Amino acid sequence: MEGLGRAVLAEDAVRYRLFAAAGAGGEALLRRCAEAIVVRLAPLLSAYIWQRQPFRLRCVPARGDTPAHIGGTTLFGDNVEDEWFIVYLVREITREFPGLAARIDDNDGEFLLIEAADFLPKWLNPENSDNRVFFYKGELHIIPLSETDEQECDLSAASPTISQALTLLSSRSEEFLAAEPIRAAVNKRISGYPEKIQASFHRAHCYLPAGIVAVLRQRPSLVAPAVQAFYLRDPVDLRACRSFQTFPPDERVMTVVTFTKCLYAQLVQQKFVPDRRSGYTLPLPSHPQYKAYELGMKLAHGFEILCSKCSKVSPDSKRNVLSGPLWERFLSSLKEKHYFKGEMEGSAKYLELLHKAEDYFQQSVTKPESSVEVNPGDEILTLLQTTTIDLKELEREAACLPPEDDDSWLEITPDDLDQMLKEARNESPPSSNEEEQKYDLEAVAESMKAFVSKVSTHEGAEMPWSSDESHVTFDVDSFTKALDRILGADSEELDSDDLDEEQEFDFSDEDDEGLDAENQREDENISPNELIGSLKSYMNEMDRELAQTNVGKSFTTRKKGASSVNAATSQSAGPDSGAEETELTPVDVDMNLVANLLESYSAQSGLAGPTSNILQSMGVYLPENADRTGCNKGATG
């Protein structure tokens, strides 16, 4: 049911759609909104480096139950941060343009709800969540199931259409505001933008051909397709890297290249040895600039692969794109919004900002029907034909490069990983030794009891989040009446344990093939008191038999003074010495539970395991087993 009526999206794609909240905006209004949004986001997106595809808005006419809207689909590849950055953009668009309501989903469906899964209402599930989740006026809204048939749109039978949802949202948006924990979970995931953009970059020194340096000056975003081309290379691609017709290694200079952290990790973690015929040689690994040489060699292979796949599109295609009325309106809007920050036209800073604007315009603004889709290889060859390369100037700049960024973030220690997982769960475990010394083992037993007492379904077990869990109301009268209806009038004579034993006993009788119909009728006439007495005698007989075995020694029992001693003495005297008077000492359930948990936790040897996973999911953290290391050392010595 979940996939019906929903377009199939690629595994690494996110879809975003913005509708006129009133439902009657018209395509002309949507086009004006699209142009205004593009100008509004230009300062933010002109310097952004996308992993696969950029954030791009297109006007989409009405089709079926889907009204006209502006939106698009972006492939984010291996960098999931691109997807969440788009969530931030969509939220900010609805805040800046309050007449728009936005929906966003991916191949998993409502991934915003997945992020806030711990706080969702019980009625919300993948089957009925379609067309219910919207960003409106900068806040997340969830349209609930209808409570009565008199509502404007009956949503109880199935998910609403987008038009129905927009009508409800525009008239009663305050009622549909998502709960605070849900909004907080989503907002936490996209917190930090736009400052987070700079933190996602990594600047590294690379020893590159001068042509690539000049291309990256004009189009910094071309580093992404180049890294992807190298990262996803095949033997056919590497044939073009034997001779390097476009970027020979003769004229190389040191430069600083800006990557995203995802692109940098993909490039630096690849083990690759260049073909000897290519001319790209590497110094010894002990060389101080070995990493710069290696990164430059890999990046040059990516650019060469892109150029080998070019479709020979006319180099005038870029000029055609940047000479139409749409570009003129876009450039005029940027000047009105002070995008150039007062820089003099023709200055180096002005040209740098202009190149970024041209890059952004070609990626995000131009319409497929008005321009030829140019692949990265064609862009690179066009830039090489139209750009003057001053090798001496590049060498002078290489002499005073800024330091590259530290890449220690590539290495994550186990403690760092544990801290990241704890932060993702919004948990704050005890950190000081004093808190660990005061650790109360009763909390372990109580948490496990609460977990076991939870009612699970085919969808899984629920964790007892004591910190966020609301108080449970219990109507004793209603419960008693329901119990009477199930068990009959004499139900008060049975406790819960006797009831379980009775059910098990009756069930085993039903499976006995030797029981005839006459005995069944006689059993039906037995009174509850007689049945309970029979069950108790049956259980007492089992206790007497177990008392003569070693089963009880595997459990920790409660100490009851003289009674325990007498029981132990009677047990050691042999099977014939007062066995019928033997009283079994009650088992200490809590102590056995904690002992077994600690034994299982110790067997994990500091690694992840069932005990730590269950307890941590309930907010209970056991202290590290510091004695285990000492014991091991002592045993070794």
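What you see is a predicted model, and the numbers here were worked out from it, not measured in a lab.
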Residue pair Tyr264, Asp405: steps toward the side-chain hydrogen bond (donor to acceptor under 3.5 Å, both in side chains) verdict: CA-CA 11 Å; Tyr264 178 78; Asp405 295 339; over 6 Å; no

Would you check, one step at a time, whether the test side chain to side chain contact (heavy atoms under 4.5 Å, CB included) holds for Ile212 with Val215? CA-CA 5 Å; Ile212 296 179; Val215 167; 5.5 Å; no

Derivation and outcome, side chain to side chain contact (heavy atoms under 4.5 Å, CB included), residues Phe230 and Leu299: CA-CA 7 Å; Phe230 174 77; Leu299 198 56; over 6 Å; no

Side chain to side chain contact (heavy atoms under 4.5 Å, CB included) between Leu30 and Val60: does it pass, once the steps are laid out? CA-CA 9 Å; Leu30 291 174; Val60 182; over 6 Å; no

I would like to know whether Arg172 and Glu175 meet salt bridge (Lys or Arg N to Asp or Glu O under 4.0 Å); could you show each step before the answer? CA-CA 6 Å; Arg172 307 205 312 271; Glu175 301 177 22; 3.0 Å; yes

With side chain to side chain contact (heavy atoms under 4.5 Å, CB included) as the test, would you mind laying out the steps for Thr94 and Lys137 before giving the verdict? CA-CA 5 Å; Thr94 61; Lys137 297 182 179 179; over 6 Å; no

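Taking 4.5 Å as the limit, every side-chain heavy atom of Phe134 sits out of range of all side-chain heavy atoms of Phe176. Residues Val257 and Leu295 are not in side-chain contact: their nearest non-hydrogen atoms beyond the backbone lie 4.5 Å or more apart. Counting only heavy atoms from C-beta outward, the side chains of Leu177 and Tyr136 never approach each other to under 4.5 Å. In this structure the side chain of Leu112 reaches within 4.5 angstrom of the side chain of Phe135, judged on heavy atoms. Using a 4.5 Å cut-off on side-chain heavy atoms (C-beta onward), Ser191 and Tyr88 make no contact. For the pair Val87/Val14, no side-chain contact is recorded, criterion being any heavy-atom separation below 4.5 Å from C-beta on. Residues Asp130 and Glu110 have side chains in contact (heavy-atom distance under 4.5 Å, counting atoms from C-beta outward). In this structure, the side chains of Thr258 and Val223 stay at 4.5 Å or more apart for every pair of heavy atoms.
Closest approach of Ile190 to Arg91, counting heavy atoms only: CD1-NH1, 3.7 Å. The minimum heavy-atom distance between Pro160 and Asn131, with the atom names listed, is O-ND2, 3.0 Å. For the residue pair Thr167 and Ser171, the shortest heavy atom distance occurs at O-OG, 3.0 Å. Of all the heavy atoms in Ala240 and Glu304, the pair that sits closest is O-CG, 3.7 Å. Across all non-hydrogen atoms, the minimal contact from Leu18 to Ala102 is CG-CB, 4.0 Å. Considering every non-hydrogen atom in both Phe303 and Leu222, the closest pair reads CZ-O, 4.0 Å.
Listed for the Thr74 side chain is a donor-acceptor partner under 3.5 Å among the backbone atoms of Pro54. Not one N or O on the side chain of Thr387 forms a donor-acceptor pair closer than 3.5 Å with the backbone of Leu384. In this structure, Arg58 contributes its side chain and Ile70 its backbone to no donor-acceptor pair below 3.5 Å. At distances below 3.5 Å, not a single donor-acceptor pair connects side-chain atoms of Arg189 with backbone N or O atoms of Ala185. A distance-only check finds a donor-acceptor pair linking the side chain of Asp234 to the backbone of Asp237 [under 3.5 Å]. Distance alone, capped at 3.5 Å, is enough to place a donor-acceptor pair between the Asn128 side chain and the Trp123 backbone. Of the possible polar contacts, one joining the Lys298 side chain to the Leu267 backbone as a donor-acceptor pair under 3.5 Å is found. Under the 3.5 Å distance criterion, the side-chain polar atoms of Arg103 are left unmatched by any main-chain donor or acceptor of Arg17.
The number of heavy-atom neighbours closer than 6.0 Å to CZ of Arg203, taken from other residues, nucleotides and ligands shown, is above 12. Within a 6.0 Å radius of CG in Asp65, no more than 12 heavy atoms belonging to other residues, nucleotides or ligands are found.
A side-chain hydrogen bond (donor to acceptor under 3.5 Å, both in side chains) with Arg15 is found for exactly one of Asp106, Asn107, Thr73, Asp105, namely Asp105.
Side-chain atoms of Gln270 and Arg233 form a donor-acceptor pair, as typed in the model, at a separation below 3.5 Å. No donor-acceptor contact under 3.5 angstrom links the side chains of Arg52 and Asn79, judged on distance only. Glu83 and Tyr16 form no side-chain donor-acceptor contact under 3.5 Å, judged by distance and modelled atom types alone. A donor-acceptor pair shorter than 3.5 Å can be found between the side chains of Gln51 and Gln266.
Under 4.0 Å is where a charged nitrogen must lie from a carboxylate oxygen, and between Arg183 and Glu180 at least one such pair does. A salt bridge between Glu81 and Lys196 is present, with a side-chain N of the basic residue lying under 4.0 Å from a carboxylate O of the acidic one.
A ring-centre distance under 6.0 Å is found for Phe85 and Trp50. Note: His202 and Phe259 fail the aromatic proximity criterion, with ring centroids not under 6.0 Å apart.
Summarising the geometry, atom SG belonging to Cys310 is positioned 10.0 Å from atom CG belonging to Leu306; distances are rounded to the nearest 0.5 Å. In this structure, the separation between CG on Leu383 and CZ on Arg219 is 7.0 Å, given to the nearest 0.5 Å. For the atom pair CG of Leu238 and NE2 of His301, the computed distance is 6.5 Å after rounding to the nearest 0.5 Å. Remark: Phe201 CZ to Gln198 CD distance equals 5.5 Å, nearest 0.5 Å. Rounded to the nearest 0.5 Å, atoms CG (Leu100) and CZ (Arg95) are 14.0 Å apart. Remark: Ile412 CD1 to Gln419 CD distance equals 12.5 Å, nearest 0.5 Å.
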